[in-house]
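Below, chains carry the letters A, B, ... as their sequence lines are ordered, and counting in each starts from 1.
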Protein chains: 2
Amino acid sequence: MEKTGHPTRPGETILREALESNGQRFTEQRAAVFRFLRSTDVHPSADEVFSTVRRELPGISLATVYKSLETLVGCGLAVKLTYSDGSARYDGRTDPHHHARCLACGRVMDVAGSIPDRNLAELRGSVGGFHVTGYRLELSGYCGSCAPEEIAIA
Amino acid sequence: MEKTGHPTRPGETILREALESNGQRFTEQRAAVFRFLRSTDVHPSADEVFSTVRRELPGISLATVYKSLETLVGCGLAVKLTYSDGSARYDGRTDPHHHARCLACGRVMDVAGSIPDRNLAELRGSVGGFHVTGYRLELSGYCGSCAPEEIAIA
DNA sequence: ATCCTTGCAAAGCATTTGCAGTCAC
DNA sequence: GTGACTGCAAATGCTTTGCAAGGAT
């Protein structure tokens, strides 16, 4: 029932390989940050990652969390999302999906699916000489918990 | 050949009305910021707005530029774009369009067109109970000036 | 043994805020 | 005249950095 020294935790191999191929080392801290990101869909801020991971690794510092997050992003194991209010959030999902952000509570939700290539191609056409490598799509609006009736009035 | 006191500059009426309907006042500073945003398509940062507007209004302060930009955004006369590197940029265009950002030089370009409603509806379907009011689409890649050949190698 | 990482604290930056003087209405 | 706006400077908040000690390979 207790931790037995975690011989191999979920996703550990993926992380090890990703780090190695980038010439970086596997550490407890990076593993904990990675594991947490994978386990949630709340798109936490660096500080939220810190608070949570700290429960498991009481000695970890906020600076290390930032460094770890940046490392994961660099390895393609996480995505950094930035918003107009200046907050940055991290997403550990790497499969193609998009986001929906509630304008009232700021929560970020996952949206399955992607835009048909045909449509992207059309858009691409209007920026001459631009080599497109990816895109980010984000819906904005109000989540179920944030009183949809208020919107009808406003 | 000189400024004659600018009785009515382009877009001034639009600004006046937008401000009024939000209970705010028309000022030289706001007008200058607005005029500059409208006149360019470079999606300037607050600091770039400051440097430019300053040439016309030497006494304006950076704080005022920030306040003016926020006011314009609040009135729907400008849009704030935020990026992962922590930089915020402003766009004075209000017609439907999207952006393409160069991963090398950071430049932001306009992309005409929009996603067919049909596709948006599909995406919307996957976030239950979410009331969608808008969306942001952004292409990422490399602009013409940023050596497309390097990409083929990498 | 090497050199990458961590943790700490200090530094950095973009943005925001408080306030007295000034200006738009 | 009144309340909103500006300019200044200090403050804030998130993120980064420098460095000595510790840890992974």
For [range], which residue pairs qualify under salt bridge (Lys or Arg N to Asp or Glu O under 4.0 Å), counting only residues two or more places apart or in two chains?
range: residues 125-135 of chain A; value: none
range: residues 40-50 of chain B; value: B:Glu48-B:Arg89
range: residues 126-141 of chain A; value: A:Arg136-A:Glu138

Notebook entry, point to check: Just the endpoints, please: which first and last nucleotides of DNA chain D, 5' to 3', lie under 4.0 Å from a heavy atom of chain A?
Noted result: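 For DNA chain D, the relevant span reads D:dC14 to D:dT25.
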Next item on the list: Sequence neighbours left out, what passes side chain to side chain contact (heavy atoms under 4.5 Å, CB included) with B:Ser21? Give chain and number order.
Entry: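 In terms of side chain to side chain contact (heavy atoms under 4.5 Å, CB included), with neighbours along the sequence ignored, B:Ser21 is linked to no residue.
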Check: Under the side chain to side chain contact (heavy atoms under 4.5 Å, CB included) test, which residues partner A:Arg93, sequence neighbours left out?
Finding: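 If we apply the side chain to side chain contact (heavy atoms under 4.5 Å, CB included) test to A:Arg93, skipping adjacent residues, the hits are A:Asp91, A:Asp95, A:His97, A:Asp110.
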Notebook entry, point to check: What side chain to side chain donor-acceptor pair (under 3.5 Å) pairs are there with at least one residue in residues 65-80 of chain A, not counting sequence neighbours?
Noted result: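 Found none.
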Notebook entry, point to check: How does protein reach along nucleotides 18-25 of chain C, written 5' to 3' as B (base within reach of a heavy atom under 4.0 Å), S (only sugar-phosphate), or - (no contact)?
Noted result: B-----BS
Next item on the list: With sequence neighbours left out, write down each residue that passes side chain to side chain donor-acceptor pair (under 3.5 Å) with A:Thr82, or none if nothing qualifies.
Entry: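 Here the qualifying residues are B:Ser84.
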Checklist line | For A:Ser61, all residues meeting side chain to side chain donor-acceptor pair (under 3.5 Å), sequence neighbours excluded | finding: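 Scan of A:Ser61 (side chain to side chain donor-acceptor pair (under 3.5 Å), adjacent residues dropped) gives A:Thr64.
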Note to self: So for the helix from C:dA1-D:dT25 to C:dC25-D:dG1, with five pairs setting each end axis, what is the inter-axis angle to 10°?
What the structure shows: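 It comes to 50° between the two terminal axes.
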Checklist line | By salt bridge (Lys or Arg N to Asp or Glu O under 4.0 Å) - contacts of B:Arg101 (at least two apart) | finding: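 Listed in chain order: B:Asp85.
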